[in-house]
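Right, one structure below, let's go through it.
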Amino acid sequence: MSSPLRLRRTAVAVAAAAVLPFALTACSDSGRDSASTADKSSAAPAASQAATPDASMAMDQPFGPACAGVPKEGAGSFDGMAKDPVATAASNNPALSTLVTAVKQAGLVDTLNNAKDITVFAPTNDAFAKLPKADLDKVLADKATLTKILTYHVVGQKLTPKQLENGSFETLEKGKLTTTGSGESYKVNDTSNVVCGDVKTANANVYIVDTVLMPK
């Protein structure tokens, strides 16, 4: 009688021994899956948080189609211009050479370089080229008129793109200019487009424009 009972107990023990490793393996795999899932879920917020500063930094970069023509490195690059006062910075940008000539003719280099926290709406060479050559030559030869025109392009505070959305500002010439727009599209006095905006120099924010602004 005892022999069959002993055989039955032995069979149960063998079966349990055979099943146990599979059960342990399943538990182990389940644990790894849970840990892996937990690791992934904890890593996801970190990745999201890391991306946030980059997005905010991108919002503060120069914008506009003409920005592509700015040198990538050197004194005329965005990084280079940020280290120099505005007249010096402009002199290193090939697209602003006519403006720089005009500023020198008017004797405004030191005035602009020594000013604190200003905004300059800087016409490109193409903007000056829209003027008839005879008129441009006449203006360049008349220091008083040239000074009046150039100082009309300068506002005595650093303007952000947000302030340009619907703005009216007094210029150093004592006239008023208006700005409209949003995103990366802005106009000055409804006639001149900002083609490369929010360019930083050591003492100014620069908005490069495609038309010379005329005081009223």
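Bear in mind the structure is a predicted one, so any value in this text is a computation, not a measurement.
Considering every non-hydrogen atom in both P123 and L96, the closest pair reads O-CD2, 3.6 Å. Residues G76 and P71 come closest through the heavy atom pair O-CD, 3.5 Å. Counting all heavy atoms, side chain and backbone alike, V155 lies closest to E170 at CG1-O, 3.8 Å. Listed here is the closest heavy atom pair of K200 and D198: NZ-OD1, 3.0 Å. Counting all heavy atoms, side chain and backbone alike, N92 lies closest to P94 at O-CD, 3.6 Å. Residues K176 and S168 approach most closely at CD-OG, 3.9 Å, considering heavy atoms.
In summary, E173 and K148 engage in a salt bridge, as defined by a charged side-chain N under 4.0 Å from a carboxylate O.
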Chi angles and distances behind the side chain to side chain contact (heavy atoms under 4.5 Å, CB included) call for K104, T101: CA-CA 5 Å; K104 289 177 180 177; T101 297; 5.9 Å; no
Check the pair F121, T179 against side chain to side chain contact (heavy atoms under 4.5 Å, CB included), reporting the backbone distance first and the verdict last. CA-CA 11 Å; F121 293 93; T179 57; 4.2 Å; yes
One pair to check against side chain to side chain contact (heavy atoms under 4.5 Å, CB included): D79 and E73. What are the steps and the verdict? CA-CA 7 Å; D79 287 342; E73 51 188 39; over 6 Å; no
The test is side chain to side chain contact (heavy atoms under 4.5 Å, CB included); show your working for F63 and S185 and say whether it passes. CA-CA 9 Å; F63 60 86; S185 177; over 6 Å; no
If you apply the rule salt bridge (charged side-chain N to carboxylate O under 4.0 Å, His left out), what do you find for K133 with D135, and how did you get there? CA-CA 5 Å; K133 186 176 186 307; D135 291 350; over 6 Å; no
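Just one residue in the list N113, L172, V103, L146 forms a side-chain contact (heavy atoms from CB on, under 4.5 Å) with L108, and that residue is V103. Applying the side-chain hydrogen bond (donor to acceptor under 3.5 Å, both in side chains) test between K187 and each of N193, D210, T180 identifies N193 as the sole match. Screening L164, V120, V188 for a side-chain contact (heavy atoms from CB on, under 4.5 Å) involving Y207 leaves a single residue, L164.
Checked by atom type and distance alone, the side chain of D142 never pairs as donor or acceptor with a backbone atom of K138 at under 3.5 Å. Between the T211 side chain and the S192 main chain, no donor and acceptor come within less than 3.5 Å of each other. Side-chain atoms of T151 come within 3.5 Å of backbone N or O of T147 as a donor-acceptor pair.
No chain of hydrophobic side-chain contacts below 4.5 Å, direct or via other Ile, Leu, Val, Met, Phe, Trp or Tyr residues, connects V139 to L213. Taking hydrophobic clusters as Ile, Leu, Val, Met, Phe, Trp and Tyr residues chained together by side-chain heavy-atom distances below 4.5 Å, V212 shares a cluster with V195. Taking hydrophobic clusters as Ile, Leu, Val, Met, Phe, Trp and Tyr residues chained together by side-chain heavy-atom distances below 4.5 Å, V109 shares a cluster with L112. Cluster annotation: L99 is connected to I118 through the hydrophobic network of ILVMFWY side chains, with a link wherever side-chain heavy atoms come within less than 4.5 Å. Taking hydrophobic clusters as Ile, Leu, Val, Met, Phe, Trp and Tyr residues chained together by side-chain heavy-atom distances below 4.5 Å, V209 does not share a cluster with V199.
Side chains of N125 and S97: a donor-acceptor N/O pair is present below 3.5 angstrom, by distance only. For the residue pair T178 / D190, no side-chain donor-acceptor distance below 3.5 Å is found, with atom types taken as modelled. Side-chain contact annotation: Y152 with N189, donor-acceptor N/O pair under 3.5 Å present.
In this structure the side chain of Y186 reaches within 4.5 angstrom of the side chain of P161, judged on heavy atoms.
Atoms OG1 and CG, from T191 and L177 in turn, are 10.0 Å apart once rounded to the nearest 0.5 Å. In this structure, the separation between OG1 on T201 and CG on N93 is 12.0 Å, given to the nearest 0.5 Å. The CG atom of L140 sits 4.5 Å away from atom CG of L136, with the distance rounded to the nearest 0.5 Å. Between atom OG of residue S77 and atom NZ of residue K72 there is a gap of 10.0 Å, rounded to the nearest 0.5 Å. Here CD of Q163 is found 7.5 Å from OG1 of T119. Values are rounded to the nearest 0.5 Å.
Within a 6.0 Å sphere centred on NZ of K130, heavy atoms belonging to other residues, nucleotides or ligands number more than 12. The 12-atom threshold is exceeded at NZ of K158, counting heavy atoms of other residues, nucleotides or ligands nearer than 6.0 Å.
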